[in-house]
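The structure appears right after this line, and notes come after that.
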There are 2 protein chains.
Amino acid sequence: MTKWNISPVNSYSYEPLRIQVYNVLREAIVNGEFMPDEKLTELEIAEHLSVSRTPVREAFRMLEQEELITIIPQQGVFVSGIKSRKEIDDLFRVRVELEGLAAYLAARNINEEQIKQLKKYAEEIEQCIEENDLKGCVRIDIAFHRIIKEASANKWLERFLDNLFMQATRFRMKSLAQEGRMVNALNEHRRLGEAITRGEAELARRYMEEHIQAAWKSILAVFEEEHKDQKGV
Amino acid sequence: MTKWNISPVNSYSYEPLRIQVYNVLREAIVNGEFMPDEKLTELEIAEHLSVSRTPVREAFRMLEQEELITIIPQQGVFVSGIKSRKEIDDLFRVRVELEGLAAYLAARNINEEQIKQLKKYAEEIEQCIEENDLKGCVRIDIAFHRIIKEASANKWLERFLDNLFMQATRFRMKSLAQEGRMVNALNEHRRLGEAITRGEAELARRYMEEHIQAAWKSILAVFEEEHKDQKGV
DNA sequence: ATGGATTTTTTTGTTGACAAAAGTATGATA
DNA sequence: TATCATACTTTTGTCAACAAAAAAATCCAT
């Protein structure tokens with residue numbers, strides 16, 4: 001039973017099992033613990049986590065709405081995977097728009113506490129780059145975007161960005177690993193953070209749009225590289 | 001047992017019960033069959049639809065991800081309702097952006113079949129206005145936006161717009177019922193449809209943004225009217 | 001009557017059992 | 001050997017029963 005490395009659920013938690021199972025599975029999918037297109041069977045997951053099928057089924061229904069899995073009735077549950085260039089384009093086309101809006105709103109709403117955090121991350125990421133700490137970079141990149149998302153203080157925007165973010169996560173590491181991408185991202189973050197801090201909303205939006213577009217291009221490059229000898233398969 | 005007027009499920013359908021229940025409940029919520037903040041108990045819904053609690057529970061998990069209901073663990077399921085001005089603002093702030101993007105993409109992707117439909121709706125809505133047929137207007141307004149959404153051919157955009165659209169539906173009727181709003185909406189639709197048909201993407205985006213902003217203002221007016229003597233309650 | 005503790009009822013959370021469909025293996029026939 | 005029908009296994013869909021928590025009702029003391 002060591003097929004997967006997924007955290008157990010906590011029997012002493014007051015949270016319903018379905019929510020714990022949901023969290024465990026979401027993490028596992030986002031972190032690539034399950035392979036894309038892999039079939040997840042209720043019983044197997046349930047036994048791994050030592051719960052019955054019911055909470056697993058309910059967790060599946062929740063994950064389905066976020067496109068992390070695909071449920072085909074009477075057949076089963078399959079892990080979603082980004083498989084075509086169009087899917088990447090669809091994802092980033094929307095992300096450019098929504099992250100841009102988030103930056104715009106953040107520049108108008110951000111409070112002192114959040115500004116302080118933004119500055120802290122700016123310093124930390126600089127250090128990560130010096131040490132060539134890829135994982136640290138990814139962690140801070142995520143935190144940076146989270147602050148802006150929260151500062152936008154718009155429920156729908158936050159929800160949608162969460163969805164898109166999870167989908168993009170699998171690519172983030174590979175993208176940042178590219179030569180020069182990390183340093184570019186740092187610079188993009190810096191001027192973006194400054195624009196938000198100064199409350200220049202339209203400028204912040206433009207910088208964010210350019211930042212996401214750069215990430216888009218970078219991820220496409222990774223994708224094309226991975227698929228260059230699989231054309232027409 | 002005539003508390004609600006909700007459609008029964010079809011025992012001969014091949015669709016799993018959870019999906020049928022989900023569809024029934026979604027329609028009921030969007031059409032205002034349930035009151036906002038009303039508590040839905042599993043057993044009551046199950047008995048109404050002559051199914052067991054299991055498919056009802058699974059339908060609840062699906063509806064939760066769309067914010068149509070709020071689930072509080074160990075307490076129950078409550079119908080969501082738009083209750084504050086900020087919630088309307090949050091909704092429309094994002095909708096302006098996403099509908100605008102949809103119009104932009106539609107102008108670049110739309111096919112002959114969809115153009116024909118767009119023109120058909122333009123004629124039909126004119127007739128509805130003459131006959132002062134409010135329900136017809138709403139129906140066509142929905143169809144009009146659906147065509148543009150589908151023409152955008154972006155999975156994420158379509159999903160998010162669906163979510164926002166459902167939330168806005170409860171207000172749509174009241175908004176269009178306002179003096180002059182129907183005629184304005186018609187004109188906005190017309191120039192928007194023409195821009196899309198001609199493939200003028202940036203123009204289509206601007207027209208759509210203005211159209212959604214007008215709807216926003218109109219809905220705010222309705223909302224303020226309804227709450228003008230409830231300040232500070 | 002009012003407030004608070006206690007019992008009763010209702011409702012949610014979880015489980016295991018059964019039915020039905022899909023998937024897999026077996027075997028006969030050409 | 002390939003193909004098709006049949007039996008077998010696995011997996012999903014649904015249900016009913018039980019456990020535990022929350023909500024409601026009852027009772028008592030003031």
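The chains referred to below are lettered A, B, ... by the order of the sequence lines, with proteins before strands, and numbering in each begins at 1.
Non-hydrogen atoms lying under 4.0 Å from DNA chain D are contributed by B:Gln74, B:Gln75, all within residues 63-75 of chain B.
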Contacts under 3.5 Å, N or O only, protein and nucleotides 6-9 of chain D:
none

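In this entry the distance linking OH of A:Tyr14 with C1' of D:dA20 reads 11 Å, nearest Å. The distance between atom CD of A:Glu58 and atom C1' of D:dT12, rounded to the nearest whole Å, is 15 Å. Atom CG of A:Asn10 and atom P of C:dT14 are 13 Å apart (whole Å). What separates CG of B:Leu43 from C1' of D:dT14 is a distance of 15 Å, to the nearest Å.
There is no side-chain donor-acceptor pair under 3.5 Å between A:Trp156 and B:Asn163. Between the side chains of A:Thr169 and A:Arg172, at least one donor-acceptor pair of N or O atoms lies under 3.5 Å. A donor atom on one side chain and an acceptor atom on the other are not found under 3.5 Å apart for B:Tyr22 and B:Glu27.
Shown are B:Glu42, B:Glu58, B:Glu44, B:Glu47; of these, the salt bridge (Lys or Arg N to Asp or Glu O under 4.0 Å) with B:Arg53 is made only by B:Glu42.
OP1 or OP2 of D:dC15 sits under 4.0 Å from a side-chain N or O of B:Ser52. The side chain of B:Arg53 contributes no N or O atom lying less than 4.0 Å from OP1 or OP2 of C:dT12.
Of all nucleotides listed (D:dG13, C:dT14, C:dT11), C:dT14 comes nearest to the side chain of B:Arg57.
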